[in-house]
2 protein chains.
Amino acid sequence: MSHSVGQVAGFAGVTVRTLHHYDDIGLLAPSERSHAGHRRYSDADLDRLQQILFYRELGFPLDEVAALLDDPDADPRAHLRRQHDLLTARIERLRKMAAAVEHAMEARTMGISLTPEERFEVFGDSDPVQYEDEVRERWGDTDAYRQSRERTASYTKDDWKRVTEELDALHLRMADLMSAGAAADSGEAMDTAEEHRLFITRAYYDCGHEMHTCLGEMYVADPRFTRMYEDIRPGLAAYLRDAIVANAARHGG
Amino acid sequence: MSHSVGQVAGFAGVTVRTLHHYDDIGLLAPSERSHAGHRRYSDADLDRLQQILFYRELGFPLDEVAALLDDPDADPRAHLRRQHDLLTARIERLRKMAAAVEHAMEARTMGISLTPEERFEVFGDSDPVQYEDEVRERWGDTDAYRQSRERTASYTKDDWKRVTEELDALHLRMADLMSAGAAADSGEAMDTAEEHRLFITRAYYDCGHEMHTCLGEMYVADPRFTRMYEDIRPGLAAYLRDAIVANAARHGG
DNA sequence: GCTTGCACCTCACGTGGCGTGAGGCCCCAG
DNA sequence: CTGGGGCCTCACGCCACGTGAGGTGCAAGC
């Protein structure tokens, strides 16, 4: 059951040109060509296309999509989970924007005017330079810091947006686990902690379990981190730390 | 209280280059220049920038953003309302995508495989050519049809996506009014009907109240339309028709 | 057998929304 | 008077395609 470009373009809702493009850049090469040189897409190709379109919808540049999909140690379920996380994070962002619009409407009918900072806070400053100096002071001479600098150096605004969205989604999932009454050393909580660690490894620097545990301790020790997590949901800082510790113990022994 | 490019870029979360670009294309020209030729943004400019960023986030190309914002008969409240509609529509879409991901996860754990059409239906085929022939048959010799052809001829995929999203949002608002128990001839329902009419005028063709009433009647008469509306919420087709009729009567006399 | 039409093919240039220097001006602090 | 920070104006680069132009393979109708 193979399909032609036109058919695939039809039910995937993209143009033929797009499929040609994906073939050109090696993102989606049809697994076969007909006698006349026509592209023939197998069901596996369609699977891949669906994944591509999801990640594209979520704002990933095509080369990163290729990197994600060609990552050998990322099974299909991991992709689906990440996509779900990203979607929920984006929904959350849009809800905040909608709330901001409502706020603006109220302010307008009441005749109140807002400060510049208030106006734009919804767009998520996500200022990555916020604690720059202090971070360098504390961690400047470590490998992790250098790696982090290297990887994040080429991050664009959009990259930062996606990274923070994904992190938000992870925090939200952890908070939901907590609210649902799952123990911090339950399988699900530890799995989420492990994903948190892998995310840091992907986005910032190689984060082993030991390093991860340090991070967890910092979340409850440093009031700024604590507050950030408590703002997401009360009790989350400690819960996250416990889940991280439990996960490290699981992998350690 | 005027601000420099750097400051504005700072709290708006955009780059200086972006502001330069918006100045170049005439989308956001700072209302003043300093002695040294430096851009100075007033509070009104910030207002406009906020609107720009909202519409941009929602996927509008910049020239359309300019058209929307420079539209003389669109007050600020209309913008806020439209933005809110678009946001809710987008949230709805993302929720459906998230549901599709969950569905895919289930299917995978169950070991079921999906048909190509099933796989991609979430991306919203939104096939605008669906009833093309029949539409031409019934309306081909009217002015409205010709206008509609002209306006939609240059619509891209993205344009269609936004149009359907906005329409969905309107339907959803109407459905919520109905569910909340508002009468079809209440002020809010009529206002929403009026927005529906204006939307059609913007997106497709000049739709007067008479024409609008015809549309409303068709929604209850043609089973395909009826079903579409009933799928959104039971009773919506008739409710929408009534609201349209009431709104036309209000403007007629 | 011949043409008509359709879906496909391969270049190859165009476009939108900026990113990213290059080179220079203004102004204040040391 | 020299350095540095923030601003300025070109002007070229990039990504994800859109949009022809010009040609091929194949089934259907004349």
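Every chain is numbered from 1 and lettered A, B, ... according to where its sequence line falls, protein lines coming before strand lines.
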Q.
It should be established whether A/Thr15 places a side-chain nitrogen or oxygen under 4.0 Å from OP1 or OP2 of nucleotide D/dG18.
A. yes
(Q) Using a 4.0 Å cut-off on heavy atoms, which residues in residues 16-34 of chain A reach DNA chain D? List them by number, or say none. (A) A/Arg17, A/Thr18, A/His21, A/Tyr22
Tell me, please, which residues at least two apart from [X] pass side-chain contact (heavy atoms from CB on, under 4.5 Å).
X: B/Asp158; answer: B/Thr156, B/Arg162
X: A/Asp75; answer: A/Arg77, A/Ala78
X: B/Glu32; answer: B/Arg40
X: A/Ala89; answer: A/Glu165, A/Ala169

Q: Quick one: list whatever passes ring-ring contact (aromatic ring centres under 6.0 Å, His included) with B/Phe225, sequence neighbours left out.
A: B/Tyr219
Q. For B/Phe60, which residues count as a ring-ring contact (aromatic ring centres under 6.0 Å, His included) partner, sequence neighbours excluded?
A. B/Tyr55
Q: With heavy atoms under 4.0 Å as the rule, sort B/Thr156 into base, sugar-phosphate or nothing.
A: nothing
Round to the nearest Å and state the distance from [X] atom [atom1] to [N] atom [atom2].
X: A/Asp63; N: D/dC17; atom1: CG; atom2: P; answer: 12 Å
X: B/Lys157; N: D/dT19; atom1: NZ; atom2: P; answer: 12 Å
X: A/Arg56; N: D/dC17; atom1: CZ; atom2: C1'; answer: 9 Å

Q) Does anyone know the first and last nucleotide of DNA chain C in reach of chain A, 5' to 3', at under 4.0 angstrom to a heavy atom? A) C/dC8 to C/dA12
Q: Can you tell me which residue pairs pass the salt bridge (charged side-chain N to carboxylate O under 4.0 Å, His left out) test with a partner in residues 2-22 of chain B, sequence neighbours excluded?
A: none
(Q) Quick check on DNA chain D: between B/Arg39 and A/Leu62, whose nearest nucleotide comes earlier from the 5' end? (A) B/Arg39
Q: In plain terms, say whether B/Arg227 and B/Asp231 are close enough for a salt bridge, that is, a side-chain N and a carboxylate O under 4.0 Å apart.
A: yes
**Q.** 5′-ward residue of the pair B/Ala36/A/Ser4 relative to DNA chain C
**A.** A/Ser4
